[in-house]
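Each chain gets a letter, A, B and so on, in the order the sequences are listed, and its residues count up from 1.
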2 protein chains.
Amino acid sequence: MTGIEDVAALAGVSKATVSRALSGRGYVSAETRSRVEAAASSLGYVVSSSASSLVTGRTNNVGVIIPMINQWFFASILEGVERALLDRGYDLMLYNVTKTEAERTKVFEYFLVRKRVDAVIAVTLEITPEETSQLLALGKPIAGIGGPLEGIPTLSIDDVEAARLATEHLILLGHREIMHVGGDVHEQMDFHVHSKRLRGFLEALQSAGLPADEHSYVATRFDIPGGYTVGKQILGDPRRRPTAIFAAADEVAIGVIIAARELGISVPDDLSVIGIDNHPLGAMFGLTSLEQRPDLQGEQAVEWVIRQLEQPGWAPPPVHSVVPARLVIRSSTARPRPRAS
Amino acid sequence: MTGIEDVAALAGVSKATVSRALSGRGYVSAETRSRVEAAASSLGYVVSSSASSLVTGRTNNVGVIIPMINQWFFASILEGVERALLDRGYDLMLYNVTKTEAERTKVFEYFLVRKRVDAVIAVTLEITPEETSQLLALGKPIAGIGGPLEGIPTLSIDDVEAARLATEHLILLGHREIMHVGGDVHEQMDFHVHSKRLRGFLEALQSAGLPADEHSYVATRFDIPGGYTVGKQILGDPRRRPTAIFAAADEVAIGVIIAARELGISVPDDLSVIGIDNHPLGAMFGLTSLEQRPDLQGEQAVEWVIRQLEQPGWAPPPVHSVVPARLVIRSSTARPRPRAS
DNA sequence: CTGAAAGCGCTAACAT
DNA sequence: ATGTTAGCGCTTTCAG
């Protein structure tokens, strides 16, 4: 394996100069630099990251802890993080920590045990206070996405606001019988997403002077089958059927629409459905949705940690800060035509 | 940061002994070992991976190159790979290489440039011969999943056989008008999956003495919307409608079923649909499916590369070897009742 | 079974 | 602007 010494010899300079020329740190004359670069590439030289990490203390790796990969939201975040990281010249170490205790400890051990990452990005991680302090004890930049992590700067959209916007959109279209299909407020891994979206919904109704009771809201699993099941129930009885539904997530909304279509209910003609996320499948179902860009959140988190790495002293926005996603009503997709009023 | 020297001092032994005790390599008396371990954990000592990599030449990292994350098949592989790697004590470096040229070269540069992985797993990577040789030139264990990579041991299911099994299942149930909805044979990133599944389908028909013409097969995009679009076309005309459909992937099958239900066609009563993959959403649509376990392929690939790492001399099965997935007909879900004979 | 010592390949002062 | 030199923290002969 060709090392820095070979390059130095070929270029007729010292190892130090090669290091400076290739890393861009320190003064090197343009002429020398190009000679070194030529030598390096002709030899196919590449720095040994272990050697350079050993002396600099920097690994150029960022660890990502994520609870699942096989769901649109999480996969999107991961894609965004990966893209941003690669772009900035960092590598991504993936830790898919599931709920099982054994795996959790293993991951935390690895992180704490191996000093191989410069920073950590934690995605909707549900962790105990002690796990948090273990993370913090690393003394490395950390950013969270999607769930407030006590003591850790976290990114997420403004759920209350998003829900309110969605609901107001329906109200503006003339709907008065609007129902909310959301997640179970008592669910694990909630991070108050469900309760916040419910709150935004209720606030919007209230502002518009519309009544809200326990029939205005129903909880289900946060995926397509969840929405489907509930959709069949809600829409089965024509007398109780709302004219519009605000689903807390596109996946739920899609389930509802599938159910509706099977029942011969046309969306959006007979029933308006709006969701949050802008899930790619939405287009197929004529779904109106507020755009949440998990990939952008991922990119943002990367910015946060890298900025801390590269300009010491800089600190991300305070704990639990909430960065609103771009909320876009794709009105072209939504043409609700309420029967009521 | 506490180093090996501190541990040695506290345990009253030399650095060398600490190293042996903690790494498990070399002779250390049981008594000494436990003293060292106690010292290490009381100090919260962890080895510096850069230092140890520098001297051993091993990083304990495996690189994974994958073209996309946000799709069931790919995410499943990634989950399987991650699980297996974590289990064996390796870390996973993720490289999501999309089609854009810039990103590709960047990834390949990183791999070639940084010597930070011990092995590489390439998922359905469509690479040029020179990229292949770049990979091979790394001189590190490599395994591919899903697409035959010239010169690289690759895992995939037996597509022809899977398609044949699925089709035979329908034939056995009495169907004679069976249609295949598959991917476009001329598609990029094909790896012959589409043509192989088509071939298996045709062979099954032929063996059963059933006719097959150009109307027996239709190509579409390999996802839910793709299946939906085609479903509407195929099933719209009651006279041409087949009694059964073999979809080349569950996602396509699900699209077809959604279309069928909207048309008032009951699955599986009026129409049998079978797919390949055992996609989790299948259950919601009463879909019969052959089980493909991408996560298991991921785990297998990990075994291959790690085995090469840990027992030099061992070699994985020859190039392009095909490992059949577990093919499970979930007959409980499928109750086709053909109108024809 | 344990210790001493020689690096692994590079970077960062410090000189020049 | 470039060269010299002293390690970074660990593993691994080689002695004992």
Show your working on side chain to side chain donor-acceptor pair (under 3.5 Å) between A:Thr17 and A:Ser14 and close with a plain yes or no.
-> CA-CA 5 Å; A:Thr17 301; A:Ser14 70; 3.2 Å; yes
**Study point:** B:Ser52 vs B:Ser49, side chain to side chain donor-acceptor pair (under 3.5 Å): CA-CA, chis, key distance, verdict
**Key:** CA-CA 5 Å; B:Ser52 105; B:Ser49 68; over 6 Å; no
Could you walk me through whether B:Ile69 and B:Leu78 pass the side-chain contact (heavy atoms from CB on, under 4.5 Å) check? CA-CA 8 Å; B:Ile69 299 171; B:Leu78 195 50; 4.2 Å; yes
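Heavy-atom contacts from other residues, nucleotides or ligands closer than 6.0 Å to CD of A:Glu130 number 12 or fewer.
Here the side chain of B:Ser76 pairs a donor or acceptor atom with the backbone of B:Trp72 at under 3.5 angstrom.
No salt bridge links A:Lys140 with A:Asp118; every basic N to acidic carboxylate O contact stays at or beyond 4.0 Å. B:Arg88 and B:Glu303 are joined by a salt bridge, as a carboxylate oxygen and a charged side-chain nitrogen come within less than 4.0 angstrom of each other. A salt bridge does not link B:Glu299 with B:Arg293: every distance from a Lys NZ or Arg NE/NH1/NH2 to an Asp or Glu carboxylate oxygen is 4.0 Å or more.
A 4.5 Å side-chain heavy-atom check between A:Phe74 and A:Pro294 finds every atom pair outside the cut-off. The side-chain heavy atoms of A:Tyr95 and A:Val64, taken from C-beta on, include no pair separated by under 4.5 Å.
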In 5'-to-3' order, the base (B), backbone-only (S) or no-contact (-) status of each nucleotide in nucleotides 6-16 of chain D, using a 4.0 angstrom heavy-atom cut-off, is --BBBBB----
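Only at 4.0 angstrom or more do the heavy atoms of residues 28-40 of chain A sit from any atom of DNA chain C, so none qualifies.
Each end of the helix from C:dC1-D:dG16 to C:dT16-D:dA1 gets its own rotation axis from five pairs of C1' atoms, and the angle between them is 30° to the nearest 10 degrees.
Distance A:Leu43 CG to C:dG9 P: 15 Å, rounded to the nearest Å. Atom CZ in B:Arg116 sits roughly 14 Å away from atom P in C:dC10 (whole-Å rounding).
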